[in-house]
K.L.:
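Before we start, here is the structure in question, set down as structure tokens.
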Number of protein chains: 2
Amino acid sequence: MRQGYHATSIDDIARALGSTKGRVYHHFASKIDLFFAVHREGMKRLFDAVVPVVQKEDTGQSTLETLEAMLQAHALALLEHHTYESVVVQGVHLHRFGAMTPEERQTLDELIASRDAFESLFKGQLARLKKAGFLRHASVSVAAKTLLGGIQWSLVWYRPDQDTSPASRESLAREMVNVLMHGLVR
Amino acid sequence: MRQGYHATSIDDIARALGSTKGRVYHHFASKIDLFFAVHREGMKRLFDAVVPVVQKEDTGQSTLETLEAMLQAHALALLEHHTYESVVVQGVHLHRFGAMTPEERQTLDELIASRDAFESLFKGQLARLKKAGFLRHASVSVAAKTLLGGIQWSLVWYRPDQDTSPASRESLAREMVNVLMHGLVR
DNA sequence: GTCTATACTTGGATAGAC
DNA sequence: GTCTATCCAAGTATAGAC
């Protein structure tokens, strides 16, 4: 999270643990294997936050309200698990990397597929809204990327140490979602 | 742009030039100096795209229309100069890095300051809108980061090779801006 | 399961010929 | 201004003791 994949050495990690390389390599076969484990956990937490909200769809709230709840859950999860999620972003860049073993390549492909599946949760909801007459001047795909982008960009600027209370994270998430849902209408 | 700062070796760069390290080191004192040069050019292009739009403010268009034009110009610049701008993003991460010489540190601080100045162009416009009754449920700062984030996230997903025509970039930029300006109102 | 010691490779940077 | 050759540091990974 702090320095990115390449700038972080196994020695850095060992030092943070108060131990040495040996311990790290006892638990993980390679550096990228450790990265994969963190990435997987990060994706799990995103799904755990958003899937329950999608499944509550039939309990009376409108399609638009469900989307708003999904965005809110996503934004909050990003802030709460900022450590894991800022590792997840880096998976995208590693994707077009080149030199790795077939197994590593396959694992990475799985992780990217899981990111796509996550985005599709939002695309599905947006497609339903478009049918209902919303979103007239944008495609579902670009809308999904733009809305998620507005939230996910917080991974770039948000510093968890500056503001630690759960309530302030909740209201920060709310602010971001408000901007995206209501745009700049008066 | 393709592999990120750390994963790209000077040999990679020399190979792309059809030459060797020697040439690169004749023109740039160090790897980070080369990075700085690209970053600087990237920031220059962003300002060149947006500043003229801000300065046209007094020519009859509304504050809201000016903001929309600024976002559009920014989005288009990101797509057009995707190569430079995706390097600019990495400056943020390098910022909290640690080991560098005082001169390098100072240069990096200047680059970050220039990013902040850029964001302030949008904050200024949003502050004027807030006074006029817009943006009631979000702070100027979070709104700026969220709106810019929606656009800047295209640096993560946009692949310039897939769609090369200026017209299609223009309409892609338009779509992103529409989502952000009009939100999900019907 | 954790440590120390070390093998091996990559990559930033420099020297000096042309 | 560009090349080749080389130095040196950093960092991944492994071997083997405890």
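Below, read A as the first sequence line, B as the second, and so on, with proteins coming before strands; counting in each chain starts at 1.
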K.L.:
Could you tell me how far apart A/Asp11 (CG) and C/dT4 (P) are, to the nearest whole angstrom?
P.N.:
11 Å
K.L.:
Closer to the 5' end of DNA chain C via nearest nucleotide, is it A/Arg23 or B/Tyr5?
P.N.:
A/Arg23
K.L.:
Measure distances between side-chain N and O atoms of B/Lys21 and base N and O atoms of C/dG12, and say whether any donor-acceptor pair falls under 3.5 Å.
P.N.:
yes
K.L.:
Centres of the B/Tyr5 and A/His6 rings: under 6.0 Å?
P.N.:
no
K.L.:
Partners of B/Asp12 by side-chain hydrogen bond (donor to acceptor under 3.5 Å, both in side chains), sequence neighbours excluded?
P.N.:
B/Ser9, B/Arg15
K.L.:
Whole angstrom is fine here: how far is it from NE2 in A/His26 over to P in C/dT4?
P.N.:
16 Å
K.L.:
Please determine whether a side-chain nitrogen of the Lys or Arg among B/Glu85 and B/Arg45 lies less than 4.0 Å from a carboxylate oxygen of the Asp or Glu.
P.N.:
no
K.L.:
Here's a test of your reading of the structure: between B/Gly18 and A/Tyr25, which maps to the more 5' nucleotide of DNA chain D?
P.N.:
B/Gly18
K.L.:
For a quick check under 3.5 Å, do A/His39 and A/Gln90 share a side-chain donor-acceptor pair by atom type?
P.N.:
no
K.L.:
Can you give the first and last nucleotides of DNA chain D, 5' to 3', that have an atom under 4.0 Å from a heavy atom of chain B?
P.N.:
D/dG1 to D/dT4
K.L.:
When B/Leu155 is tested against each of B/Leu79, B/Val87, B/Leu78, B/Val88 for side chain to side chain contact (heavy atoms under 4.5 Å, CB included), which residue passes?
P.N.:
B/Leu78
K.L.:
What is the distance, to the nearest angstrom, from the NZ atom on A/Lys31 to the C1' atom on C/dT10?
P.N.:
13 Å
K.L.:
Do A/Lys56 and A/Glu65 sit within salt-bridge range, that is, some charged N less than 4.0 Å from a carboxylate O?
P.N.:
no
K.L.:
Specify the residue among A/Gly22 and A/Ile10 whose closest nucleotide of DNA chain D lies further upstream toward the 5′ end.
P.N.:
A/Ile10
K.L.:
Heavy atoms under 4.0 Å, any strand shown: does B/Thr20 hit a base, just sugar-phosphate, or nothing?
P.N.:
base
